[in-house]
Amino acid sequence: MVLKKLISEAEALLRWVGVEKPLIQPARDPRFGEVTSTSAFALAKSLRRDPRKIAEEFAAKIDLSNARLINSVVAVDGYLNFKVDWQRYSEEILKTVIGQGEDYGKSNIGLGKKIIIEHTSVNPNKALHVGHARNVCLGDTLYRLFSFLGYDVVVLNYIDDSGTQMADVILGFKELGYPLEPPDGARFDAYCGDTVYVEVSRRIEEDPLLAEKRRRIAKLIEERDDEYYRLNREIVEKVLKEQLKTCWRLGARYHILNMESDILSYDLWSEVFKKLIRVGAVYKAESGQKAGCWLLNLSGHPVLGREGDEILVKSDGSTTYVARDIAYGAWKLGDTSRDFKYKVWMRDPWSGEILITDVKGDIEKPLGEAEKVINVIDIRQKRPQEVVRYALELMGLKSDKYIHFGYEVVALSIKDAVKIGYEPEPGQEFVHMSGRRGLYVKTDTLLDMLKEKIKLEVREKHPGWSEEKVEEVSEKIAVGALRYSLIKPDTDKMIILDADEMLKLEGDTGPYLQYSYARACRILEKTTREYSTKAPVELVEEEKQLLRRIAYFPEVVEDVGESLLIKTLSNYAYMLASDFSRFYEKVPVLHVDDVELRKFRVAEVLAFKIVLGNVLRLIGVQPVEEM
RNA sequence: GGGCCCGUAGCUCAGCAUGGAUAGAGCAUCGGCCUUCUAAGCCGGGGGUCGGGGGUUCGAGUCCCCCCGGGCCCGCCA
């Protein structure tokens, strides 16, 4: 907003001296002023002149009497550096931020538009491990971001309640004598995943007879056998309830739970299949290895075409995962004539209703046309996701709205893997998590480890605090630490989990952000909160830097809305906190005698608190007032 | 074999989408700063052929090509 004003002012100045397409960017170093133009370089070629001369001429010609924020322009080595009147600029920034408060950085570009985000989608037979947590945190941050940008965002969680992984645990409960109640009072999702799933999987590998039994059970579930389907649904819901506790602990919200088995019963596929046939996208293989299968013709696809066509319907008439996902994708894009029915399953901690698909449900909730459909799924599914998108394209749908938000997986460091009994190969540096093999670190386990460590520190710092307060603050810090560390790295980079590294609470971490927030709160607490946006004649460099960063925020948010580069937000949060830390060290607020100056600095702290609070909420790190 | 991704300080990573001025953080290490707003902090030192080579450009960590190293995907599984 204010930065935009500044940039357009600089652009206007350049246009007045004849630059048709002014190039303006924020200066990378304060020595070069606030904004810089490289227009002289761009013009140098066509004019065949020295860019330094061009820049100098512009600088001489620019008339600053019409400028409001800009008070000087100088040419340096071809660059045009614009400096601002800090009294005006800072006042404008502070008025904007304090005036808008929690709305600062929001925009209305999403107004009246819908975005559908699907994330989490963990098989309902186990507890969430840290890899799943990366998905949850990324997906939830997208939800927060687009809500902030004014979109109506619907969050889906796809529950695959009908795969082999369910047959595994049903086999355990039904025929191998695992009790339905966790023996040691453990959480059901953890018990189901850590004990039943892992042990049954191992036994199946050793015993072909059990594999046969599992196949039979999978079929019974699929056919909605009274006994098996009901037990399956019961297990699924029990696990899901526990899984959601972990997700909520991370701060994630959901609106709709889509059960695979329910989706299948609506048979969206047959409709989609007909359409695929009609447009000539699929054909039946008459001979060869895939005889009897219906295949999606990929020959028109630049990349996928080289890898052979994709089976959608197997020779026994059943559909593949990709086929079902195409049907489901068509539903998300609003292209199916039938829609699901729902019932209210429960309320989340923020008292929002969570709907679950139910063939006998009486709630209808048409999604309507979405601007974007974002599917948060790890990068290994890049190819199948592209197949789905391409199929939707062939169906004539707006497939460019269908976005696979891919991210690299979280793996275990060898050190941590060895701790849970893994035997590494020589030279191996990490090992992929595996639910079936019991190779993972649960999200709650890691959060609890973090929390215990934080509690020690909190108790030491605040001997007078009640145990409840210690608990409450430690929980926020633990969650903040985990969320930040999962969101911070580029989604193209694998995270190799190192528990020791993860437990560090200094430097570029979530707690650092919360700490600087808390420090700002302490200052504000000790004033009457009387502030003034009227700036002194001279600002110290640390003040300028803080205000400068604050002014960038709306553009950062808007950029991320375009690029989906979430880490840009965490990056920004760190820079902002860092700028404040330096301000805090160098710039006294309460201990200045000049009342007007004190009031101005209170305004600066207040503005910082607002902006950091806003960005923290975006990335799901809870602001902490005291720590 | 085909495709995609990664490679920046001892370690973990920003910066690359939209090329711009001496390449930045954190951790680790060494040295400073708490009778003054929370030291989960701040300041400073050491540490870099931005994997290698070519190209485009006034200008390349950033764009293009080739190569090397590592990872992932390519199933009548989901």
Which part of the nucleic acid, if any, lies within contact of [X], taking any heavy atom under 4.0 Å across all strands shown: a base, the sugar-phosphate backbone alone, or nothing?
| X | value |
| --- | --- |
| Leu304(A) | nothing |
| Asn571(A) | sugar-phosphate |
| Val560(A) | nothing |

**Aromatic centroids of Tyr79(A) and Phe32(A) separated by under 6.0 Å** = no
**Message:** Can you confirm whether or not the ring centre of Phe600(A) sits under 6.0 Å from the ring centre of Tyr531(A)?
**Reply:** no
**Request:** Quick one: closest heavy-atom pair of Ile54(A) and Ala44(A), and the distance?
**Result:** CD1-CA, 3.7 Å
**Fill in**
All heavy atoms of Ala291(A) vs all of Ser315(A), minimum pair found to be O-CB, 3.7 Å
**Request:** Mark yes or no for a side-chain to base donor-acceptor pair under 3.5 Å between Asn81(A) and A21(B), with no hydrogen or angle criteria applied.
**Result:** yes
**Message:** Taking donor-acceptor contacts at under 3.5 Å, does the side chain of Ser516(A) reach the base of A40(B)?
**Reply:** no
**Item:** Separation of atom NZ in Lys567(A) from atom P in U12(B), rounded to whole Å
**Value:** 17 Å
**Prompt:** In dot-bracket notation, what is the pairing pattern of RNA chain B, taking Watson-Crick (N1-N3 plus N6-O4 or O6-N4) and G-U wobble (N1-O2 and O6-N3) contacts under 3.5 Å, with [ ] crossing and | for other strands?
**Reply:** (((((((..((((......[...)))).(((((.......))))).....(((((..]....))))))))))))....
**Request:** Indicate whether Tyr79(A) forms a stack on G20(B); treat it as stacked only if centroid distance is below 5.5 angstrom and interplanar angle below 30 degrees.
**Result:** no
Which parts of [range] does protein reach within less than 4.0 Å, heavy atoms only, written one letter per nucleotide 5' to 3' as B for base, S for sugar-phosphate only and - for none?
| range | value |
| --- | --- |
| nucleotides 23-38 of chain B | --SSS--------SBB |
| nucleotides 61-69 of chain B | --------- |
| nucleotides 70-76 of chain B | -SSSS-B |

**Message:** Please pick, from A78(B), C42(B), A21(B), the nucleotide with the shortest atom-to-atom distance to any side-chain atom of Tyr512(A).
**Reply:** C42(B)
**Asked** Got a sec, which pairs hit salt bridge (Lys or Arg N to Asp or Glu O under 4.0 Å) with one end in residues 291-304 of chain A, sequence neighbours left out?
**Response** none
**Asked** Which residue pairs satisfy the salt bridge (Lys or Arg N to Asp or Glu O under 4.0 Å) criterion with at least one member in residues 554-570 of chain A, sequence neighbours excluded?
**Response** Lys4(A)-Glu555(A), Lys4(A)-Glu558(A), Asp490(A)-Lys567(A)
**Prompt:** Considering only heavy atoms from C-beta outward, does the side chain of His591(A) approach that of Arg598(A) to under 4.5 Å?
**Reply:** no
**Request:** Name the orientation class of the two ring planes belonging to Phe583(A) and Phe580(A) (parallel below 30°, tilted from 30 to 60°, perpendicular beyond 60°).
**Result:** parallel
**Asked** Quick one: is A14(B) close enough that its OP1 or OP2 comes under 4.0 Å of any side-chain N or O from Lys493(A)?
**Response** yes
